[in-house]
Amino acid sequence: MTIAEWGTIVVIASTIIGFLNNVLKTNVKIPLDEVRKELKDIREQESTKHEKIDEDVRGLDSRVSNVEGRVQALEGQKGVH
């Protein structure tokens, strides 16, 4: 094969590879990036939800402890009388 023939083969191969790379980018990489972003957003929303639930549970625990303390105080008063 001559240098011109090799050059033609290289140009054709480069064109095909460039086209396939563009197809992969358009049909695979960009949609995967979008899915990755959506999953990240969902994880952040879930994390925020769990933090809120944890705060609510801690608040309820505190209220229950306060009520238990009051009940014990009342029971102690009843025992004194």
Leu39 CG: over 12 foreign heavy atoms closer than 6.0 Å: yes
Closest approach of Arg36 to Asp33 (non-hydrogen atoms, all atoms of both residues): NH1-OD1, 2.8 Å
Arg43 backbone acceptor or donor facing Ser47 side chain under 3.5 Å: no
Atom pair CG/CD1 of Leu60 and Ile53 - distance to nearest 0.5 Å: 11.5 Å
Euclidean distance, Ile3 CD1 relative to Thr8 OG1, rounded to 0.5 Å: 11.5 Å
Member of Glu44, Lys37, Glu38 meeting the side chain to side chain contact (heavy atoms under 4.5 Å, CB included) criterion with Lys40: Glu44
CG-OG1 distance between Leu20 and Thr15, expressed to the nearest 0.5 angstrom: 11.0 Å
Check: Ser14 side chain, Val10 main-chain N or O, donor-acceptor pair, under 3.5 Å: yes
Residues forming a salt bridge (Lys or Arg N to Asp or Glu O under 4.0 Å) with Asp54, sequence neighbours excluded: none
Common cluster, Ile12/Ile17, ILVMFWY with side-chain heavy-atom separation under 4.5 Å: no
Side-chain heavy atoms of Ser62 within contact of Arg58, under 4.5 Å: no
Arg63: partners by side chain to side chain donor-acceptor pair (under 3.5 Å), with sequence neighbours left out: none
Distance (rounded to the nearest 0.5 Å) between Glu68 CD and Asp61 CG: 9.5 Å
Test log, rule salt bridge (charged side-chain N to carboxylate O under 4.0 Å, His left out), inputs Lys49 and Glu46: CA-CA 5 Å; Lys49 255 192 243 180; Glu46 287 299 313; 3.2 Å; yes
Inter-residue atom distance Asp56.CG - Glu51.CD, 0.5 Å rounding: 12.0 Å
Short side-chain to backbone donor-acceptor contact, Glu5 and Thr2, under 3.5 Å: yes
Linked, directly or transitively: Val23 and Ile16 (ILVMFWY side chains, under 4.5 Å): yes
